Number of protein chains: 2
Amino acid sequence: MKCINSSSEEKIKEAAKSVFLKKGFAGTTARDIADAAGMNIALTNYYFRSKERLFVEIFQDLLALYCTSTLHILDQPIGLREKIIAIIEEDYRLMKQEPSLVLFIMTEIHRDCEKLLPEMSRYKEAMTKKLAEQLREEASHGTIRALGVEHLLPMILGSLQFIFMSKNMHMKLHGLNEAQFEEYTEKHKNHVIELVTNYLFPSSS
Amino acid sequence: MKCINSSSEEKIKEAAKSVFLKKGFAGTTARDIADAAGMNIALTNYYFRSKERLFVEIFQDLLALYCTSTLHILDQPIGLREKIIAIIEEDYRLMKQEPSLVLFIMTEIHRDCEKLLPEMSRYKEAMTKKLAEQLREEASHGTIRALGVEHLLPMILGSLQFIFMSKNMHMKLHGLNEAQFEEYTEKHKNHVIELVTNYLFPSSS
DNA sequence: AAATATTTTAAACGAATGTTTAAAAACTAT
DNA sequence: ATAGTTTTTAAACATTCGTTTAAAATATTT
């Protein structure tokens, strides 16, 4: 029986993740991955059968990274305002760690919707259900503006992730270094918190 | 002297635009383009020299489409609130017409920053300068919240464009048809108008 | 130490890639 | 109609693609 947990496999996967994030599935060659991993080109198929299987595996990992971080916040028994702030803070942390993540996921789903959507669908339901319920309840008490989760989440994620999707462009156009860009994104994150909470809780400042 | 304005050239360019928007530069083959245009594969290089030159030409067109529509609104001598609403309405119109546009532009700039950024830089300056000035002036009068254009535009464009970048995903996950999706996006657009104006003009409802 | 299993390698595979060629077809002008 | 120009075509080009092979190297077990 094969017991696959060698370090070569890990190295290839990490290298492939990095290359896929940068160049996408179509723009990445098997030799790109092998070079980035510093390994022989045949090893990719030895461990992962094909470029596509390796990609799907990595896509699943990255999608889980993207969704799980938000999911475990939605499950916490905390108030709506705290929860929304926590979502934004967590998403900000994730974007800082992996700025290409959202553009990668969106591009690949756009490219191969049929194959990659099933992965997404479980997360989507789990993510929206809890928050939608909380929103409906609080809206029925009149404490917040009536707003569906299908509008709230794009507001939050869109206005925050947008600046990370265009990170390279933004940095080069404005001549920023990493520290300056982080300063900018943190300010923006705080604006987004105010932007969204002000809208959702109309009475408060 | 060659006078190139035949209909074959137009057909190839239109087909290439459609294919590039859907599959990106790396994911598109010369034969994809020829097939979509219903033309012989050699004609692409006959008219456009290479796949890359054709792509750059199309990228420039699509970038202009994206930027010009907003630019001509920023130049109008209207109040800040009307201008912001006009930007959102115009961006909404554009997204409805070409939902893949933003994801395409972002992905390609992410892929080949060096080559494609110079195209972007002219627009960026023209877009931000006018609005930044208007924001500074009104903020100095205390009529609006102090907010840089580098935060305002991502708020607007991010929260609005986000739902179009993930259009296919959203439609399939929620089982929507085109009409239902348009209904959703129009509601969202109106939310974005309120979201942003409420934040920028704190005193008003 | 010998035998077996696993990992790594260099080389090659056929298929697909962007591009070019040279001749045929269609069009324009004389 | 004829000559010259432009457009279109089928075929092939060299290169790169993902993948496979079979042997060498390494590790594991007996």
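Because the structure is a prediction, the values reported are computed rather than measured. Sequence lines set the chain letters: A, B, ... in the order given, protein chains first and strands last, and positions in each chain run from 1.
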Taken in chain and number order and not counting sequence neighbours, the residues that satisfy side chain to side chain donor-acceptor pair (under 3.5 Å) with B/Tyr92 are B/Thr185
Are OP1 or OP2 of C/dT7 and a side-chain N or O of A/Ser8 less than 4.0 angstrom apart?
-> no
Q.
Please determine whether a side-chain nitrogen of the Lys or Arg among B/Glu133 and B/Arg136 lies less than 4.0 Å from a carboxylate oxygen of the Asp or Glu.
A. no
Using residues 12-22 of chain B as the side-chain source, report each donor-acceptor pair under 3.5 Å to any protein atom, sequence neighbours left out, with the distance given to one decimal.
unit_1: B/Lys13; atom_1: NZ; unit_2: B/Glu57; atom_2: OE2; d: 3.1
unit_1: B/Lys13; atom_1: NZ; unit_2: B/Asp61; atom_2: OD2; d: 3.1

Atom CG of B/Asp35 and atom P of D/dT9 are separated, to the nearest Å, by 13 Å
When rounded to whole Å, the CD1 to P distance for the pair B/Ile12 and D/dT7 reads 11 Å
A/Leu43 CG to C/dT8 P, in whole Å, measures 6 Å
* Between B/Glu108 and B/Arg111, is the closest basic N to carboxylate O distance under 4.0 Å? -> yes
| query | Do A/Ser159 and B/Ser159 have a side chain donor and acceptor closer than 3.5 Å? | reply | no
Residues at least two apart in sequence or cross-chain that pass salt bridge (charged side-chain N to carboxylate O under 4.0 Å, His left out) with B/Glu138, listed by chain then number, are none
B/Leu54 CG to C/dT19 P, in whole Å, measures 10 Å
### Query
Would you say the side-chain atoms of B/Lys83 and B/Gln76 include a donor-acceptor pair closer than 3.5 Å?
no
* Asked: Would you say a side-chain N or O of A/Tyr46 is under 4.0 Å from OP1 or OP2 of D/dT20?
  -> no
Salt bridge (charged side-chain N to carboxylate O under 4.0 Å, His left out) pairs touching residues 149-178 of chain A, sequence neighbours excluded, are A/Lys167-A/Glu178, A/Lys172-B/Glu114
Atom NZ of A/Lys11 and atom P of C/dT7 are separated, to the nearest Å, by 14 Å
Heteroatom pairs (N/O) under 3.5 angstrom, protein to nucleotides 14-18 of chain C:
unit_1: C/dG18; atom_1: OP1; unit_2: B/Thr28; atom_2: O; d: 3.2
unit_1: C/dG18; atom_1: OP1; unit_2: B/Ala30; atom_2: N; d: 3.4
unit_1: C/dG18; atom_1: OP1; unit_2: B/Lys51; atom_2: NZ; d: 3.1
unit_1: C/dG18; atom_1: OP2; unit_2: B/Ala30; atom_2: N; d: 2.6
unit_1: C/dG18; atom_1: N7; unit_2: B/Arg31; atom_2: NH1; d: 3.1
unit_1: C/dG18; atom_1: O6; unit_2: B/Arg31; atom_2: NH2; d: 3.3

note: B/Phe55, atom CZ; C/dT19, atom P; distance rounded to Å ~ 14 Å
A correct 5'-to-3' footprint of nucleotides 22-29 of chain C, with B, S and - meaning base, sugar-phosphate only and no protein heavy atom under 4.0 Å, is --------
When you check the gap from the basic side-chain N to the acidic O, do B/Glu125 and B/Arg122 get nearer than 4.0 Å? no
note: B/Met39, atom CE; D/dA10, atom P; distance rounded to Å ~ 12 Å
note: A/Arg53, atom CZ; D/dG18, atom P; distance rounded to Å ~ 16 Å
